[in-house]
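Each remark here refers to the structure printed beneath this line.
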Amino acid sequence: MLALTLTGLKLRNPLMLAAGIMGTTGGSLKRVAEGGAGAVVTKSIGKEPRRGHSNPSMIEVDSGYLNAMGLPNPSYRDFQGEIERAREAGVPVIASIFGGSTEEFLEIAGALRADAFELNLSCPHACGYGAEIGTRPDLVEEIARAVKSTARSPVWVKLTPNVTDIKSIGLAAQRGGADAVVAINTVRGMAIDIESGYPILGNRFGGLSGRAIKPVAIRCVYDLYEALDIPVIGVGGISDWRDAIEFIMAGARAVEIGSAVGNNINIFSDISSCMREFLVEKEWTLNDIYGMAHEL
Ligand code: SIN
């Protein structure tokens, strides 16, 4: 009842692990998949190993988390084994990748084997990467086109909400041949310690995730659904089954869950069984509710 095909990938349900949470090792990705996720997305992987920003790199704030991890990762050269281990769980494994140039994206996508690539063009706090590229439609189109022309797997582009018009970035990804867009990455934010007067995060500013950003993400998904022909994957503040339903009604084909996995690793099976019950009670299918909020 919840199964679907997304950019050619067969998913048992529309609930995926978002990049950045439990995605650094094959063992943790496998654990999440065994906990009921329809697919899992790795931590963002780049060309060279990175230590990331100095601590504190993640703090809890009202209704969410602020992070400035700084894209720590072991490099794609040391990551294929983790993907293979995650694959043992039998669900699609999507590699989140980042680069500072088209060439870097091409190098990584050409070397890694994954069921799909999610291009991180949206991290809000890494100099030369992520949103510094992903706020420019010309570069988004160029990178999507280049990766699509060589990748053997579907290409998804993860978008930043920190722009005036997310539709123009989504359209650029679509023009470049992306198979789907993922909306949204974190919202730029910061917190200050009033005892010292200093910013709390080691990087001073970071990205807000969790419940606080859900309405922002819903609006972005709603707008992208209207503007694009390719599927929109929703992410941002999903904490329970009602949130997942809301995203699908806004126009998400599938959703990713991040921050809330920290409180409940079995959130995927919990959400999918409640979604199933809800759909049965309403006598709706997943297709019936897809984009339902646009029908009025
Ligand atoms: C990070 O590792 O810095 C977070 C990634 C992101 O915000 O895209």
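Counting convention: from 1, in listed order, for ligands and their atoms alike. Throughout, residue positions are numbered sequentially from 1 according to the sequence presented.
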As a test of reading the model: which N/O atoms of the protein lie under 3.5 Å from N/O atoms of ligand 1, and at what distance?
unit_1, atom_1, unit_2, atom_2, d
ligand 1, 2 (O), Lys43, NZ, 2.5
ligand 1, 2 (O), Leu71, N, 3.1
ligand 1, 3 (O), Gly70, N, 2.8
ligand 1, 3 (O), Leu71, N, 2.9
ligand 1, 7 (O), Asn185, OD1, 3.4
ligand 1, 8 (O), Asn120, ND2, 2.9
ligand 1, 8 (O), Asn185, ND2, 2.9

* To do: Indicate whether any N or O donor in one side chain lies under 3.5 Å from an N or O acceptor in the other, for Thr7 and Asp179.
  => no

* Could you point out which residue of Ile192, Leu66, Val61, Ile59 forms a side chain to side chain contact (heavy atoms under 4.5 Å, CB included) with Ile200? => Ile59

* Starting from the C-alpha separation in whole Å, work towards a yes-or-no answer on salt bridge (charged side-chain N to carboxylate O under 4.0 Å, His left out) for Lys282 and Asp288. => CA-CA 10 Å; Lys282 291 283 200 182; Asp288 290 336; over 6 Å; no

* Indicate yes or no: does Arg85 engage Glu88 in a salt bridge with an N to O separation below 4.0 Å. => yes

* **Salt-bridge present (Glu141, Arg175; N to O < 4.0 Å)** => yes

* Parallel, tilted or perpendicular: rings of His294 and Tyr222 (30°, 60°) -> parallel

